[in-house]
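Computation of the quantities below employed the complete heavy-atom set of this structure, encompassing side-chain atoms and omitting hydrogens, waters and symmetry-equivalent molecules. First the proteins, then the strands, lettered A, B, ... as listed; each starts at 1.
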Amino acid sequence: MWFIQFFKSSIGKKWLMAGTGCCLLLFLCSHAAGNATLFYSLALFQSYADQLHSHPLIVSIFSTGLLVIFILHIITGVLLTLQNRKARGHDYKVKKRSSPNSTASSTMIYSGLFILFFVLIHTYVVSFGDHSQISLTISYLFSSFYVIVFYITAFVVLAIHLSHGFWSMLQTFGVNHPRYNTMIRSLTYIVPAFFLLLFTAIPLLFLF
Amino acid sequence: MTTTSINLKLEIWRQKDSKATGNFETYILTNISTDMSFLEMLDVLNEQLTREGQDPVAFDHDCREGICGMCGAVVNGIAHGPEPETTLCQLHMRHFKEGETLVIEPFRSRAFPIHKDLVTDRSALDRIIQAGGYVSVNTGGMPDGNATPIPSATAELAMDAAACIGCGACIASCPNGAAMLFTGAKISQLSLLPQGHPERKERARSMVATMDKEGFGNCTNERECEAVCPKGISISNIARMNREFVKASLL
Ligand code: FES
């Protein structure tokens, strides 16, 4: 089949990675918008959660879609890592990186797995928890210092992941043009920084 | 101009043939003129080894003026050595310090088996070219050179891509052993020009398929290739190849 053929090729896998990454980024935007209600009040956040869960059909369609995309992103990432290790073969005695932001690009699999670990815990504790009590759950969670540290670490790791991922996604989609490259270069840092600030500000709200 | 000379310690990968395991050997070189090129320095080492009755270090080279793409080794972790946009043959010893240790390794990748010492088999790149690096030319009278107008900016972009000498440094430096900068440059060079349009889709499909079949890795946009390319080939060529391949496969 032509599309299986496409996704089996090296460029096809790249597109799969970038396409699912793009969807996950959009999800992150919507999640961030929902969480932003916390900046107003805990009550507003609770009513947002109640509203959302009063439409179970929408919630289940979106979460199933999200799950599929998430799994595809992970499987492709792990597959690429394994295949590429084999293709590299023998390692060099002296290892040196010459590219910009190589810390993020060479650790994508590790930052990705850490984010997965965070998401699993988050889903278990928050998403499968009692929605009608969500505001109580999070105030309780964020009263623990360790939870806050873990939460902030996860978003730092996510920011590192995105600092390569965002640029990489555009490059894969073929968006590389002198007219836009300066803008893309700054967005590569602005986008992760935006999510980092927004999400880490939330536990701090509970501290003060 | 004053000529100075330096003393060096070399750690070179020695491997008898493609089946041998290989290991690093250490050599001491004294009085190397800083005006020498890197390959001339290896020539001096080989003369010394021959006089001592040892096997000289095998390394690839041809033009020695940075245009053929035959030379290449990884020096202290960087393909073609520390000077940006410089092939190994054009790298001069004045860029090294007195008493420095140089670790010299062959270009490595699963798709580049080692023949001997620093000589690797890079014929996989030739097979990628064979898969689509051609254009259709009608027989008959000689066409007028100016009959097909090409905007100067486009011609320059095609020329930039055509600057690729196919040395394989991009693959050697890629953490994934991917050949996308090379293939991207070759696809771009022809797809940018009207002469390359008739086979445009076919070319993108078959060159990418050959690249995958030869055992190169998958690009994850690490940008090491662009950083070490002796000809400064830009990864915008990879972006163009991505577009070409998607258009050819899905549209
Ligand atoms: S020997 Fe020809 S490019 Fe170096």
Side-chain angles (χ1 to χ4, degrees), chain A residues 2-19 21 76-77 79-109 164-178 180-181 184, chain B residues 11 13 22 24 74-79 82 84 102-103 105-106 108-114 171-180 183 204-205 208-209 211-212 215-228 234-247 249-250:
Chain A
W2 59 270
F3 68 89
I4 296 184
Q5 216 51 41
F6 173 73
F7 286 119
K8 265 167 85 181
S9 72
S10 50
I11 297 183
K13 275 178 270 183
K14 226 175 157 168
W15 270 76
L16 197 58
M17 208 62 205
T76 319
L79 193 73
L80 284 176
T81 311
L82 296 178
Q83 286 183 344
N84 290 345
R85 287 219 174 127
K86 262 208 219 129
R88 178 89 291 275
H90 202 297
D91 230 339
Y92 291 108
K93 180 172 180 186
V94 184
K95 293 181 204 73
K96 207 176 267 165
R97 298 292 300 248
S98 319
S99 58
N101 203 14
S102 63
T103 331
S105 62
S106 56
T107 54
M108 288 305 269
I109 184 76
H164 175 69
F166 182 77
W167 169 83
S168 182
M169 168 185 86
L170 293 178
Q171 162 77 7
T172 296
F173 288 153
V175 187
N176 182 326
H177 189 283
Y180 304 112
N181 282 354
I184 293 175
Chain B
E11 279 181 45
W13 181 260
F24 282 97
V74 173
V75 182
N76 288 348
I78 305 176
L102 305 182
V103 182
E105 303 175 68
R108 290 190 187 282
S109 153
R110 176 178 54 180
F112 289 169
I114 296 178
I171 294 118
S173 327
C174 175
N176 308 319
M180 293 233 181
T183 315
R205 276 196 301 262
V208 170
M211 173 176 82
D212 292 347
F216 292 106
N218 308 286
C219 170
T220 58
N221 301 324
E222 304 251 0
R223 284 181 278 187
E224 285 297 319
C225 52
E226 182 184 58
V228 300
S234 155
I235 52 164
S236 60
N237 290 298
I238 301 183
R240 188 176 296 106
M241 169 174 67
N242 292 346
R243 296 195 294 267
E244 290 287 322
F245 182 72
V246 167
K247 267 189 254 167
S249 318
L250 303 184

Over all heavy atoms of both residues, which pair between [X] and [Y] is shortest? Give the atoms and the distance, please.
{"X": "A/Gln171", "Y": "B/Ile235", "answer": "NE2-O, 3.0 Å"}
{"X": "A/Arg97", "Y": "B/Pro175", "answer": "NH1-CG, 3.6 Å"}
{"X": "A/Val94", "Y": "B/Glu105", "answer": "N-OE2, 3.2 Å"}

Main chain of [Y], side chain of [X]: is a donor-acceptor contact present, judged purely on distance under 3.5 Å?
{"X": "B/Glu222", "Y": "A/Ser99", "value": "no"}
{"X": "B/Asn242", "Y": "A/Thr172", "value": "yes"}
{"X": "A/Arg88", "Y": "B/Ala172", "value": "yes"}
{"X": "A/Ser98", "Y": "B/Val228", "value": "no"}
{"X": "B/Glu224", "Y": "A/Ser102", "value": "no"}

Contacting moiety of [X], where chain B heavy atoms sit under 4.5 Å:
{"X": "A/Asp91", "value": "backbone"}
{"X": "A/Pro100", "value": "both"}
{"X": "A/Ser106", "value": "both"}

For the candidates A/Lys8, A/Lys93, A/Gln5, which exhibits the highest count of non-hydrogen atom pairs separated by less than 4.5 Å from chain B?
->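 The residue among A/Lys8, A/Lys93, A/Gln5 with the greatest pair count is A/Lys93.
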
In terms of heavy-atom pairs under 4.5 Å with chain B, which of A/His164, A/Lys95, A/Arg85, A/Met17 leads?
->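 Heavy-atom pair counts peak at A/His164.
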
Where on B/Pro106 is there a heavy atom nearer than 4.5 Å to chain A: the side chain, the backbone, both, or neither?
->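 Contact with chain A: backbone only.
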
Just by distance, with hydrogens left out, do A/Ser10 and B/Asp212 show a side-chain donor and acceptor under 3.5 Å apart?
->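 Per modelled atom types, A/Ser10 and B/Asp212 side chains form a pair under 3.5 Å.
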
Between CG on residue A/Leu170 and CG on residue B/Asn221, distance to nearest 0.5 Å |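 The distance works out to 10.0 Å.
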
Approximate separation, where rounding is to 0.5 Å, of A/Phe7 CZ and B/Ser249 OG =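 Answer for the CZ-OG pair, A/Phe7 versus B/Ser249, is 10.0 Å.
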
When the ring planes of B/Trp13 and A/His90 are compared, do they come out parallel, tilted or perpendicular, using 30° and 60° as the limits?
->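 Perpendicular, since the angle between the ring planes exceeds 60°.
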
